[in-house]
Trainee: 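Sharing a structure here in structure tokens format.
Computed from heavy atoms alone, side chains included, the values below leave out hydrogens, waters and symmetry copies.
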Amino acid sequence: MAATARSDRVTPEQIERARGVDLIAFLRQYEPGELKRVGQSWTLKSHDSMRISADGRWNWFSQSVGGGDAISFLQKVHSMTFPEAIRTLAGEDYQTLRTDQSAREPPQRKEFSLPPRNQNNRRAFAYLCARGIDPEIINHCMRRGLIYEDAKHHNVVFVGHDEKGTAKYAMLRSTVSNSSFKIEQTGSDKSYGFCMQGRGSTLYVCEAAIDALSVATLRKLGGRDWRQDNYLALGGVTASAEKLPLALERMLQSSSFNRIVLSLDNDEPGQRASRNIFALLRQRYPQIESKVCVPQEKDFNDQLRVKLQQNAQPPPSRGTRELGLAK
């Protein structure tokens with residue numbers, strides 16, 4: 001037992017070396033032929049749902065896990081313990097590789113531009129109304145350039161802006177019934193998510209723009225002033241235990257909030273992300289009140305539509321109609 005305990009020990013120097021290892025360079029060295037370029041990032045031939053960015057952040061979408069460095073990659077993808085990952089990365093034969101910048105080929109970031117706008121937003125407006133979103137909230141977003149309809153495919157486009165109001169991000173979603181098509185616009189900066197900014201100091205954090213719009217609609221249905229609050233969509237749910245989602249991190253750096261309400265999906269990936277984000281917020285932003293709000297349905301749009309169905313008055317029966325006419 002004593003020998004096992006000693007073998008699991010790693011030194012601060014080993015940990016420091018491991019943290020300095022470049023994930024892309026490591027994979028080029030130790031898993032030759034596995035890396036495959038996909039647009040601005042990389043994937044693995046054995047795991048095509050893996051995405052690894054140039055700065056070492058990675059997401060394994062099919063498993064709903066991700067991280068921000070090579071240590072977490074070895075732990076979660078190769079099931080290594082923390083000491084095993086540290087020793088693998090800090091091995092004597094690897095010390096020079098982490099400084100070899102030639103092994104890393106940063107992809108050229110493609111220039112971002114919004115899809116051309118359609119002459120009107122009729123299909124996008126109708127689609128959002130069909131999802132239960134309040135028309136006042138839709139018009140509010142369309143007037144501010146947060147939502148519009150693209151000209152080519154009539155997708156609804158959800159736009160994220162920087163602090164100066166310049167578009168930096170866009171998520172496209174089909175307006176065709178029963179279609180699940182959605183895609184981020186090429187060149188999108190995920191640190192600028194779709195966001196409805198209000199006058200208050202509460203931030204609702206959601207997975208998708210539809211969820212953010214749904215939360216605002218639910219608050220309006222509950223008699224609350226939805227304009228007071230702020231609603232942010234992360235553009236996904238992969239949240240590691242080491243780093244906050246990019247869009248949330250940027251919002252916290254650029255704006256001041258007294259309360260954050262995590263409003264992610266009611267499924268295993270969504271609730272795992274909620275736990276990770278909640279723990280990081282309590283640790284790094286203890287001055288902010290953090291809460292978790294779980295929808296009763298799968299997500300907040302489903303919850304909104306169920307509520308609207310429950311509130312809808314059923315049509316009168318034939319007997320009731322005839323009785324009314326007789327009066």
Side-chain angles (χ1 to χ4, degrees), residues 12 15-16 19 53 55-57 59 64-69 71-72 82 137 140-141 144 146 158 160-166 168-169 189-209 211-220 222-266 268-295 299-300 303:
I15 295 174
E16 186 65 25
R19 285 175 175 164
S53 65
D55 62 1
R57 289 179 292 110
N59 284 304
S64 299
V65 296
D69 56 23
I71 300 173
S72 62
F82 180 76
I137 296 174
H140 171 88
C141 292
R144 286 158 177 76
L146 297 174
F158 302 101
H161 299 85
D162 65 12
E163 295 78 9
K164 297 180 180 179
T166 302
K168 295 288 187 180
Y169 172 90
D189 186 341
K190 214 172 180 66
S191 66
Y192 295 100
F194 171 86
C195 183
M196 294 187 291
Q197 292 186 288
R199 302 181 294 268
S201 57
T202 295
L203 175 66
Y204 288 87
V205 179
C206 305
E207 291 188 26
D211 298 317
L213 294 166
S214 299
V215 170
T217 300
L218 284 165
R219 289 187 60 72
K220 181 179 179 180
R224 305 296 179 89
D225 183 3
W226 64 273
R227 292 174 179 267
Q228 278 290 114
D229 300 317
N230 305 270
Y231 309 85
L232 173 68
L234 301 177
V237 67
T238 50
S240 75
E242 294 86 16
K243 289 187 177 182
L244 288 170
L246 294 175
L248 177 56
E249 187 71 79
R250 186 178 288 277
M251 281 292 292
L252 290 172
Q253 292 173 358
S254 61
S255 304
S256 177
F257 302 103
N258 293 333
R259 187 169 70 129
I260 293 177
V261 182
L262 301 176
S263 308
L264 306 185
D265 288 2
N266 185 14
E268 200 280 330
Q271 291 311 295
R272 186 194 313 123
S274 287
R275 291 191 296 271
N276 289 341
I277 297 172
F278 181 82
L280 288 170
L281 288 172
R282 291 288 297 271
Q283 176 186 349
R284 300 178 187 178
Y285 297 91
Q287 74 279 11
I288 300 177
E289 179 188 5
S290 300
K291 292 188 174 182
V292 175
C293 183
V294 183
D299 57 41
F300 278 98
Q303 180 164 322

Trainee: Do Ile288 and Leu281 come within less than 4.5 Å of each other through their side chains, counting heavy atoms only?
Mentor: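 Heavy-atom side-chain distance check fails, nothing below 4.5 Å.
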Trainee: Rounded to the nearest 0.5 Å, what separates atom OG1 in Thr217 from atom CD in Gln303?
Mentor: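 These two atoms lie 12.0 Å from each other.
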Trainee: Return each pair, listed once, that meets salt bridge (Lys or Arg N to Asp or Glu O under 4.0 Å) where at least one residue sits in residues 250-261; pairs must be two or more places apart or across chains.
Mentor: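 Listed once each, the pairs would be none.
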Trainee: How close do Ala233 and Ala209 get, heavy atom to heavy atom, and via which atoms?
Mentor: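 Looking at all heavy atoms of both residues, the closest pair is CB-N, 3.5 Å.
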Trainee: Without swapping roles, check the side chain of Asp299 against the backbone of Asp265 for a donor-acceptor pair under 3.5 Å.
Mentor: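 Side chain of Asp299 to backbone of Asp265, a donor-acceptor pair under 3.5 Å: no, none is there.
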Trainee: Which residue pairs pass the salt bridge (Lys or Arg N to Asp or Glu O under 4.0 Å) test when at least one of the two sits in residues 194-204, sequence neighbours left out?
Mentor: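 Applying salt bridge (Lys or Arg N to Asp or Glu O under 4.0 Å) to every pair that reaches into residues 194-204, excluding sequence neighbours, yields Arg199-Asp225.
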Trainee: Is it true that, when you exclude Arg284 itself, more than 12 heavy atoms of the residues, nucleotides or ligands shown sit nearer than 6.0 Å to its CZ?
Mentor: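 Buried by this count: over 12 neighbours within 6.0 Å.
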Trainee: Looking at Ala212 and Phe194, what are the two nearest heavy atoms and their distance?
Mentor: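 In terms of heavy atoms, the two residues are closest at CB-CE2, 4.4 Å.
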Trainee: Measuring from atom CD1 of Ile277 to atom CG of Leu248, what distance do you get when rounded to the nearest 0.5 angstrom?
Mentor: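 Ile277 atom CD1 to Leu248 atom CG measures 6.5 Å (nearest 0.5 Å).
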Trainee: Using the test side chain to side chain donor-acceptor pair (under 3.5 Å), find all partners of Ser72 that sit at least two apart in sequence or belong to another chain.
Mentor: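 Partners of Ser72 under the side chain to side chain donor-acceptor pair (under 3.5 Å) test: Trp58, Asp69.
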Trainee: Using salt bridge (Lys or Arg N to Asp or Glu O under 4.0 Å) as the criterion, list what pairs up with Asp162, not counting sequence neighbours.
Mentor: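 Asp162 satisfies salt bridge (Lys or Arg N to Asp or Glu O under 4.0 Å) with no other residue.
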Trainee: Looking at every non-hydrogen atom in both residues, tell me the closest pair between His161 and Tyr192 and how far apart they are.
Mentor: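 Where His161 meets Tyr192 most closely, the heavy atoms are O-CD2, 3.4 Å.
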Trainee: Taking side chain to side chain donor-acceptor pair (under 3.5 Å) as the test, write out the residues that go with Asn230, two or more places apart.
Mentor: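 None.
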Trainee: My understanding is that only residues two or more places apart in sequence, or in another chain, count here; which of them pass side-chain contact (heavy atoms from CB on, under 4.5 Å) with Ala247?
Mentor: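 In terms of side-chain contact (heavy atoms from CB on, under 4.5 Å), with neighbours along the sequence ignored, Ala247 is linked to Leu232, Leu234.
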Trainee: Between Leu244 and Tyr285, is a side chain to side chain contact (heavy atoms under 4.5 Å, CB included) present by the stated rule, with each step listed?
Mentor: CA-CA 11 Å; Leu244 288 170; Tyr285 297 91; 3.9 Å; yes
Trainee: Determine, step by step, whether Met196 and Leu213 satisfy the side chain to side chain contact (heavy atoms under 4.5 Å, CB included) criterion, reporting the C-alpha distance in whole Å, the side-chain angles of both residues, the deciding distance to 0.1 Å, and the verdict.
Mentor: CA-CA 9 Å; Met196 294 187 291; Leu213 294 166; 3.8 Å; yes
Trainee: Between Ile71 and Arg19, is any pair of side-chain heavy atoms under 4.5 Å apart?
Mentor: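 Contact flag for Ile71/Arg19 side chains = yes.
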Trainee: So which heavy atom on Gly68 is nearest to which on Lys243, and how close?
Mentor: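 That would be O-NZ, 3.9 Å.
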Trainee: Just verifying a value: how many Å separate Leu203 CG and Ser263 OG, rounded to the nearest 0.5 Å?
Mentor: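 One gets 9.0 Å once the value is rounded to the nearest 0.5 Å.
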Trainee: List the residues meeting ring-ring contact (aromatic ring centres under 6.0 Å, His included) with His140, not counting sequence neighbours, and say none if there are none.
Mentor: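 For His140, the residues satisfying ring-ring contact (aromatic ring centres under 6.0 Å, His included) (neighbours in sequence not counted) are Trp226.
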Trainee: Taking only residues two or more places apart in sequence, or in another chain, which ones meet Tyr169 in a ring-ring contact (aromatic ring centres under 6.0 Å, His included)?
Mentor: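 Per chain and number, Tyr169 pairs via ring-ring contact (aromatic ring centres under 6.0 Å, His included) with no residue.
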Trainee: Run the numbers on Val205 and Ile260 for side chain to side chain contact (heavy atoms under 4.5 Å, CB included), then give the verdict.
Mentor: CA-CA 7 Å; Val205 179; Ile260 293 177; 3.8 Å; yes
Trainee: Report the residues that fulfil salt bridge (Lys or Arg N to Asp or Glu O under 4.0 Å) with Arg275, sequence neighbours left out, ordered by chain and then residue number.
Mentor: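 If we apply the salt bridge (Lys or Arg N to Asp or Glu O under 4.0 Å) test to Arg275, skipping adjacent residues, there are no hits.
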Trainee: Could you list the residues that satisfy side chain to side chain donor-acceptor pair (under 3.5 Å) with Tyr204, not counting sequence neighbours?
Mentor: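 With neighbours one apart ignored, the set is Arg219.
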Trainee: To the nearest 0.5 angstrom, please state how far the CG atom of Leu262 sits from the CG atom of Asn276.
Mentor: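 So the gap between those two atoms works out to 10.5 Å.
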Trainee: For Lys291, what residues pass the side chain to side chain donor-acceptor pair (under 3.5 Å) criterion, not counting sequence neighbours?
Mentor: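 Partners of Lys291 by the side chain to side chain donor-acceptor pair (under 3.5 Å) criterion, ordered by chain and then number, come out as Glu289.
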Trainee: Could you grab the distance from atom CG of Leu264 to atom OG of Ser274, nearest 0.5 Å is fine?
Mentor: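 Leu264 CG to Ser274 OG: 3.5 Å, rounded to 0.5 Å.
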Trainee: Supply the atom-to-atom distance Cys293 SG to Phe300 CZ, rounded to the nearest 0.5 angstrom.
Mentor: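 The CZ atom of Phe300 is 4.0 Å from SG of Cys293, to the nearest 0.5 Å.
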Trainee: Please report the shortest heavy-atom distance between Ser290 and Phe278, naming the atom on each side.
Mentor: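 Looking at all heavy atoms of both residues, the closest pair is O-CE1, 3.3 Å.
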Trainee: Applying salt bridge (Lys or Arg N to Asp or Glu O under 4.0 Å), can you list everything that pairs with Glu163, at least two apart in sequence or on another chain?
Mentor: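 Not a single residue meets the salt bridge (Lys or Arg N to Asp or Glu O under 4.0 Å) criterion with Glu163.
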Trainee: Give the intermediate values and the outcome of side chain to side chain contact (heavy atoms under 4.5 Å, CB included) for residues Leu246 and Glu249.
Mentor: CA-CA 5 Å; Leu246 294 175; Glu249 187 71 79; 5.7 Å; no
Trainee: Could you check if a side-chain atom of Met251 sits within less than 4.5 angstrom of a side-chain atom of Gln197, using non-hydrogen atoms only?
Mentor: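 Side chain of Met251 against side chain of Gln197, heavy atoms only: contact under 4.5 Å found.
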